[in-house]
Amino acid sequence: MLKQGKKMNFISIIMGSKSDYEIMKHCADTLEKFNVKYELIISSAHRSPSRTKEYIKAAEEKGAVTFIAAAGMAAHLAGALAASTTKPVIGVPMKGGAMDGMDAMLSTVQMPAGMPVGTVALGRSGAVNAAYLSMQILAIFDKELAIKLAEDRIVQAKKVETDSAEIEVII
């Protein structure tokens, strides 16, 4: 967590409820793997709108570069963030509810013109990809992070080759 009064670049993760943490922990873990600073809070666009708005303002003042919003069902959190900041917002729709996440996906992806929300997949992959997308945004101005991300791509490619070598059959 950031110390009060110190301004630095970081990523803000906001979850609509505590039940989102099981998935969003993968987002935080990914950021930690790259030693990227982040804040993580629970705040709801519907149940605590004042808290959400106040947090966005405070986070921007401390140096938040991107916001990651995880929410299920009506999934208004990412849209509320987009309406309150000009920083990039990445929405992670959560599974659950009557439509098992499809409602969250549609609520997150269907934003009016001028209020963009980058939307990633449901579940763990979405949480991890939100972290990667945020880091790619940070890496535009952070050469060290850009190098780490490039090296990670090489590691991922080598893992595919290693996994294949263990089972492949080629004629």
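To the nearest 0.5 Å, atom CD1 of residue I56 and atom CZ of residue R51 are 11.5 Å apart. To the nearest 0.5 Å, atoms CZ (R153) and CD (Q156) are separated by 6.5 Å. Atom-to-atom distance recorded for S43:OG and M15:CE is 10.5 Å, nearest 0.5 angstrom. In this structure, OG in S84 is found 9.0 Å from CE in M115, a value given to the nearest 0.5 Å.
Among residues two or more places apart in sequence or in another chain, the ring-ring contact (aromatic ring centres under 6.0 Å, His included) test is passed with H26 by none. By the side chain to side chain donor-acceptor pair (under 3.5 Å) test, T119 pairs with no residue at all, sequence neighbours left out. Contacts of E60 classified as side chain to side chain donor-acceptor pair (under 3.5 Å), with partners at least two apart in sequence or in another chain: T85. For K95, there are no salt bridge (charged side-chain N to carboxylate O under 4.0 Å, His left out) partners two or more places apart in sequence or in a different chain. For K87, there are no salt bridge (charged side-chain N to carboxylate O under 4.0 Å, His left out) partners, not counting sequence neighbours.
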> Are L77 and S44 close enough, and set up right, to give a side-chain contact (heavy atoms from CB on, under 4.5 Å), and what steps lead you there?
Replying inline: CA-CA 7 Å; L77 184 57; S44 170; over 6 Å; no
>> Quick one, S17 with R47, criterion side-chain contact (heavy atoms from CB on, under 4.5 Å). Give me CA distance, side-chain angles, the key distance, then yes/no.
In response: CA-CA 10 Å; S17 67; R47 295 181 300 257; 3.6 Å; yes
> Should L149 and Q136 be marked as a side-chain contact (heavy atoms from CB on, under 4.5 Å) after you check the CA-CA gap, both sets of side-chain angles, and the distance that decides it?
Replying inline: CA-CA 8 Å; L149 289 168; Q136 289 173 327; 4.1 Å; yes
> K158 and I154: side-chain contact (heavy atoms from CB on, under 4.5 Å), yes or no, with the steps?
Replying inline: CA-CA 6 Å; K158 286 182 180 178; I154 293 167; 3.8 Å; yes
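Formation of a donor-acceptor pair under 3.5 Å by the S164 side chain with backbone atoms of V160 is not found in this model.
Counting only residues at least two apart or in different chains, side-chain hydrogen bond (donor to acceptor under 3.5 Å, both in side chains) contacts with residues 64-81 comprise T66-S134. Among residues at least two apart or in separate chains, ring pair (Phe, Tyr, Trp, His ring centres under 6.0 Å) pairs with a member in residues 80-135 are F34-Y132. Under the salt bridge (charged side-chain N to carboxylate O under 4.0 Å, His left out) criterion, the residue pairs touching residues 15-26 are K25-D29, with sequence neighbours excluded. Pairs passing the ring pair (Phe, Tyr, Trp, His ring centres under 6.0 Å) check and including a residue from residues 145-171, sequence neighbours excluded, do not occur. Applying the salt bridge (charged side-chain N to carboxylate O under 4.0 Å, His left out) test to residues at least two apart or on different chains, the pairs with a partner in residues 117-146 are E144-K148. Residue pairs meeting the ring pair (Phe, Tyr, Trp, His ring centres under 6.0 Å) criterion with at least one partner in residues 135-171, sequence neighbours excluded, are absent.
Using a 4.5 Å heavy-atom cutoff, the side chains of L81 and V117 are not in contact. Using a 4.5 Å heavy-atom cutoff, the side chains of I11 and V65 are not in contact. By the 4.5 Å heavy-atom criterion applied to side chains, E39 and K62 are counted as neighbours. Side-chain contact between F67 and S12 is present, with at least one heavy-atom pair separated by less than 4.5 Å. Residues V92 and M24 have side chains in contact (heavy-atom distance under 4.5 Å, counting atoms from C-beta outward). M8 places a side-chain heavy atom less than 4.5 Å from the side chain of K37.
At most 12 heavy atoms of other shown residues, nucleotides or ligands fall within 6.0 angstrom of atom CG in N35.
In terms of hydrophobic clustering, with Ile, Leu, Val, Met, Phe, Trp and Tyr side chains grouped at heavy-atom distances under 4.5 Å, I147 and V36 are assigned to different clusters. Under the 4.5 Å side-chain heavy-atom criterion for grouping Ile, Leu, Val, Met, Phe, Trp and Tyr, M94 is not connected to M73 through any hydrophobic cluster. Under the 4.5 Å side-chain contact rule for hydrophobic residues, V128 and V120 share a cluster. Under the 4.5 Å side-chain heavy-atom criterion for grouping Ile, Leu, Val, Met, Phe, Trp and Tyr, I41 is connected to V89 within one hydrophobic cluster.
Residue A78 comes nearest to G91 through the heavy atom pair CB-CA, 4.0 Å, listed as atom of the first residue, atom of the second, then distance.
Of the listed residues (I13, I42, L40), just one forms a side-chain contact (heavy atoms from CB on, under 4.5 Å) with Y21, and that residue is L40.
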Run the side-chain donor-acceptor check on residues 99-113: report pairs under 3.5 Å with partners two or more places apart or on a different chain.
residue: S107; atom: OG; partner: A74; partner atom: O; Å: 2.8
residue: S107; atom: OG; partner: D103; partner atom: O; Å: 3.0
residue: T108; atom: OG1; partner: A104; partner atom: O; Å: 2.7

